[in-house]
Each structure stands twice: as structure tokens, then as C-alpha cells.
Amino acid sequence: MTTVDTTPRVFQHTVARHQDRVAIRQKTLGLWHDISWQSYFQRVQHIGTALIAMGLQPGECVGIIGDNCPEWVLADMAVQCAGGVSVGIYATNAWPQVEFVTNHAEAAYLFVENEEQLDKWLMFRDRAPSLKKIIVWDLEGLQQFEDPMVMTFEDLREEGRRAVQ
């Protein structure tokens, strides 16, 4: 047995051993979809690379607020693999609590699940000086929304994918 001492190293070790095995399952429209360890790794690599390209520094905090889903897990692992610190925020927190956690952690980036979680950030956006970018993974209800501080999860992944190639 090999000893590994960090979450990113455990992740890389597991990917190397189980590349084609199922790492995550996601139910969409009643159908289960498998994500292999290799695919999980590639997605994490793309997100982490994009965060570094956008300026994430080692030890910087990144907030994540939303329900349990693959995007939450991908963001968390990508932040850790990029040298950042993931700060989980309860999706049930009211906006003043989200503001407190975000500012206390001095989060540089904030991943939000959907319109509901984005609305919380909008309530304190002028009082969160450390935030550089907000990344949203569920765009339902946000088709017409535009803000230079906000980007989609898919756009972030695509930027990282291009940078890796």
C-alpha cells in the first residue's frame, strides 16, 4: 500500500489505479449517467487550470454554495488540486451568513449553484472586496442575466480545457 498525504495526491493515486471505473453517477431526467475516474480527473484539471489562469494563488480561499451534485464535487477537488482552500457554505444559509463566511475567508472566487444562490451574493456584492469572480453551474432562470463578475461553470471548464491543450 502506498501512503499519500494530501487529498489531491489521494485523488491522483485513485485516478491512476481506476481510470475507467465509475467515480460519480449523476441522475438526469430519470437516467443515470456515469463519470469515470479519468473523466473526473480531466474535468478537475480543466477547472483547476482555469482558476490558476484567472489568478488563484496557493492558499487562497474559494467559496462553494449549492446542493450536493457533481459540480460541487468538481469545484471542491479542482480548488484543492490548484492549491486553494475550499470553503463550503450551506445552501440554506441566508445572505448575511453567506456574506460573513465569504468575507471571513477572504474568498477570491465563489461557485454558486443557481439563481437563488447568486441572489444571495447580489445582496452583498459591494461589501465583498476580495471576490474576483462568481461561477454559476445551473443557469435556469439566468438566461438573460449578464454581469462582468459572473461566468458560467461551462465557460470556466472550456477555458481550462483550452489551456491544457
Side-chain angles (χ1 to χ4, degrees), residues 6-12 15 23-24 26 28 35 39-165:
T6 67
T7 301
R9 285 190 183 123
V10 170
F11 176 61
Q12 290 175 330
V15 170
I24 301 172
Q26 179 178 21
T28 307
I35 300 171
S39 178
Y40 179 18
F41 175 80
Q42 288 171 337
R43 294 175 191 197
V44 164
Q45 183 182 37
H46 297 160
I47 295 164
T49 299
L51 287 170
I52 291 169
M54 290 185 341
L56 180 67
Q57 297 298 307
E60 267 189 317
C61 292
V62 177
I64 307 171
I65 183 168
D67 292 329
N68 293 339
C69 64
E71 290 83 3
W72 206 108
V73 174
L74 290 166
D76 176 47
M77 187 58 70
V79 168
Q80 291 182 61
C81 288
V85 178
S86 294
V87 178
I89 304 171
Y90 289 113
T92 55
N93 280 357
W95 73 263
Q97 295 164 312
V98 177
E99 176 183 13
F100 174 80
V101 173
T102 301
N103 285 333
H104 185 72
E106 297 178 352
Y109 301 91
L110 180 62
F111 284 86
V112 300
E113 178 181 5
N114 54 23
E115 181 181 13
E116 177 185 0
Q117 304 307 336
L118 182 66
D119 285 346
K120 293 175 186 180
W121 166 72
L122 289 169
M123 297 297 291
F124 67 88
R125 71 178 294 161
D126 295 331
R127 295 184 306 277
S130 62
L131 282 175
K132 300 173 187 171
K133 202 59 114 169
I134 312 302
I135 301 107
V136 183
W137 68 76
D138 179 352
L139 301 175
E140 187 174 339
L142 294 170
Q143 289 78 18
Q144 304 301 318
F145 183 82
E146 289 185 30
D147 187 296
M149 280 277 296
V150 179
M151 73 183 305
T152 72
F153 191 83
E154 285 307 313
D155 286 345
L156 179 73
R157 273 187 57 198
E158 183 59 27
E159 284 185 27
R161 187 187 66 73
R162 282 194 304 268
V164 169
Q165 290 181 338

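Along the sequence shown, residues are numbered consecutively beginning with 1. The structure presented is a predicted model; accordingly, all values stated were derived computationally and were not measured.
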[X] to [Y] - nearest heavy-atom pair and separation:
X	Y	value
Lys120	Thr92	NZ-C, 4.2 Å
Pro8	Cys81	CB-SG, 3.7 Å
Tyr109	Leu131	C-CD2, 3.7 Å
Leu142	Asn114	CD1-C, 4.3 Å
Ile24	Pro70	CG2-CG, 4.0 Å

Is the ring pair Trp95/Phe124 parallel, tilted or perpendicular, if the boundaries are 30 and 60 degrees? parallel
[atom1] of [X]: more than 12 outside heavy atoms within 6.0 angstrom?
X	atom1	result
Tyr90	OH	no
Gln143	CD	yes
Gln165	CD	yes

Identified side chain to side chain contact (heavy atoms under 4.5 Å, CB included) partner of Leu74 from the options Val79, Val44, Ile64: Val44
Nearest 0.5 Å, what's the [atom1]-[atom2] distance between [X] and [Y]?
X	Y	atom1	atom2	result
Cys69	Gln26	SG	CD	7.0 Å
Met149	Leu110	CE	CG	9.0 Å
Glu71	Glu113	CD	CD	8.0 Å

Given 3.5 Å as the limit, does a donor-acceptor pair link the side chain of Gln12 with the main chain of Arg9, or not? no
N/O donor-acceptor pair under 3.5 Å between Tyr40 side chain and Val15 backbone: no
